[in-house]
Amino acid sequence: MRKILFIALALCCSRPAWSREQAGTLPRPKLVVGIVVDQMRWDYLYRYYDRYSPNGFRRMLDEGFSCENTFINYIPSVTAIGHATTYTGSVPAIHGIAGNDFIIQATGKSMYCTDDSTVNTVGAAGDAGRMSPRNMLSTTITDELKLATNYRSRVIGVALKDRGSILPAGHLADAAYWFDGKSGNFISSTFYMKELPRWVQEFNARKLPEKLLSKDWNTLYDIRSYVQSYPDDNRYEGRYAGNDRTTFPVRTSRMTGRSYDAIRSTPYGNTLTTAMAIAAVENEGLGQGEATDFLAVSFSSTDYVGHKMGVNAIETEDTYLRLDQDLASLFSHLDKSVGKGNYTVFLTADHGAAHNPNLLKDKNVPAGLWSGGKVQKELNALLESRFSVKNIVRSFSNSQVNFNYSEISSAGLDEEAIRKTCVRFLREQEGVAFAADMRDLNEAAVPEIIRERLINGYHSDRSGAIAIILEPAWYSGSPNATGTTHGSWHAYDTRIPLLWMGWGVNHGATNKPANMTDIAATVAALLHIQVPNGNIGSPIDELIKR
Ligand code: ZN
Ligand code: ZN
């Protein structure tokens, strides 16, 4: 017996390496599902905890792993960068997505993050599909999966927002689909394909946007049970088109006119996204192939509702309760089609959101609305009085001073003196905590955490020369601004949920600090694939099952 065992062992050990690999297969999940909830603050997990079902957010907490202390490690905290960073493990300084829109400093021209004039729309008329990930300079974790499996993995992105679908799906995606309001269709671009697959055409033919909007939006539960939100009738909320009040019911049936874009700022937009994601899994057979597939989904409606209504609105609470149901239906579909335990899910956000400054002010919390437009005019007037040239500052976009370099050089002005004047002027403005020249950031009296996030967020060809950091609870807006926004370094904008569930994931939670840039490295560790080529993050080891 021992002799037989010895011979068997000897045979086994003498086999060449490749045949050993053939004998055993590297364990990997059938499918990875990346979920970004646009504008989801970390504390929404607990603000509405008692109201969630066991099968959505709570399932991820109850079965999976929560990284409770995850932050965005760059400024500005906006959608395009959040999606690019989650999937590249990198930051604007490296991946180049320096804003939703950013200014090419050499020409002064504004560029939308996913604009690509070399491609055309697929699935509708118009320019909404002239998009691709070309402006993103590094690979994504989805690209690395394709590279690791010799392109056998399939990668598909789905979101209402083009950037929420295109950037996560990466350069090598099989497809990215996003919503076109004019046609009411999910569309794509010639970057990916010549025409929509039959199943997408059939999905569009179901006219779900029209059907969903035809039913007015009422709260899911008795409106008196929404004790985590302000009473429905308040002055901090915006009003929907076609509605005379800011209260329920929201007359979504009156919101369709020349386009279906109205669905974006209702929870129905997330339901539509879920239906599209499930259709992609079903029709593309994601999770059924030999190699691990990847579905990147982003729920955009939470951001549109949030901007309009704010953190304290019943509309926002109801949108999360409905998203919870959408998540439950996505998970239950995956359980059936891919199998429970055969897929890995992570859920995070591209950024959070602030409390409405007027609401805080009414409660005596220091807060404010910054009139950037007015300050820019005053700054330009000051610069003109000193340097005799008009409009030296082109814009304050992304909380950065963008200079008109062609004017500065053609008039032979002293750029250094202009920069110094700007910084001095901005520091004196109400609501401004810091103004710093990115060239001598090391000498500026700015806390280390802000300095690091500024450097990470600064791409020299695509970012403005001087950073403006507002005081806590201040943001740009008109004095009566309703709803909310985001973009700052503060915790309300940069602390994000990070949940993991399924194949390869431990059950538990940690309060150890993590960064958004650690997400891609963690996926890479789970799958045993290379990290993206601009990655600066590290795997979050505690969540990985051994
Ligand atoms: Zn966003
Ligand atoms: Zn937003």
Side-chain angles (χ1 to χ4, degrees), residues 34-44 70-88 91-92 95 97-102 112-114 131 136 157-169 176 178-179 181 236-238 261 263-267 269-270 273 296-313 315-316 319-320 323 346-357 369 372 397-399 457 470 474-478 481-498 516 519:
I35 299 173
V36 177
V37 181
D38 205 312
Q39 206 187 106
M40 183 171 179
R41 292 164 55 113
W42 159 81
D43 57 359
Y44 286 169
T70 308
F71 279 82
I72 295 174
N73 47 340
Y74 57 80
I75 324 175
S77 47
V78 297
T79 298
I81 313 181
H83 285 82
T85 293
T86 298
Y87 281 82
T88 59
V91 287
H95 64 52
I97 299 298
N100 290 328
D101 297 88
F102 43 84
Y112 179 67
C113 57
T114 48
M131 306 271 170
M136 181 168 59
V158 173
L160 295 188
K161 289 187 186 179
D162 42 42
R163 56 191 184 276
S165 172
I166 292 167
L167 299 171
W178 57 96
F179 185 66
Y236 311 110
E237 298 180 2
D261 275 322
I263 200 168
R264 294 175 187 272
S265 45
T266 74
N270 290 334
T273 306
V297 188
S298 179
F299 290 103
S300 314
S301 291
T302 37
D303 183 66
Y304 292 106
V305 173
H307 277 291
K308 200 174 244 325
M309 294 296 170
V311 174
N312 284 70
E315 285 83 351
T316 299
T319 296
Y320 277 88
L323 173 59
F346 71 82
L347 181 148
T348 188
D350 55 345
H351 51 77
H355 280 275
N356 182 284
L369 284 146
S397 65
N398 294 323
S399 291
L470 299 182
W474 279 70
Y475 58 71
S476 272
S478 66
T482 51
T484 185
T485 194
H486 51 84
S488 81
W489 75 275
H490 304 97
Y492 47 80
D493 283 347
T494 53
R495 190 175 186 185
I496 48 173
L498 179 57
M516 183 187 253
I519 299 170

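Side chains included, hydrogens not; waters and symmetry mates left out as well; all remaining heavy atoms used. Each ligand, and each atom within it, is numbered from 1 in the order the structure gives. Just so we're clear, the structure is a prediction, and the values are computed from it rather than from any experiment.
For a distance threshold of 2.8 Å, the protein N, O or S atoms nearer than that to the Zn ion (ligand 1), listed by chain and number, are Asp38 OD1, Thr79 OG1, Asp350 OD2, His351 NE2.
Partners of Glu237 according to the side-chain hydrogen bond (donor to acceptor under 3.5 Å, both in side chains) rule, which considers only residues two or more places apart in sequence or in another chain, are Asn234. By the side-chain hydrogen bond (donor to acceptor under 3.5 Å, both in side chains) test, Thr85 pairs with His95, sequence neighbours left out. In terms of the side-chain hydrogen bond (donor to acceptor under 3.5 Å, both in side chains) criterion, residue partners of Ser298 (sequence neighbours excluded) are, by chain and number, His83.
Remark: side-chain polar atoms of Thr70 are not paired, donor with acceptor, to backbone N or O of Leu498 under 3.5 angstrom. Side-chain atoms of Arg41 do not come within 3.5 Å of backbone N or O of Gly352 as any donor-acceptor pair.
For the pair His351/Thr79, a side-chain contact is recorded, criterion being any heavy-atom separation below 4.5 Å from C-beta on.
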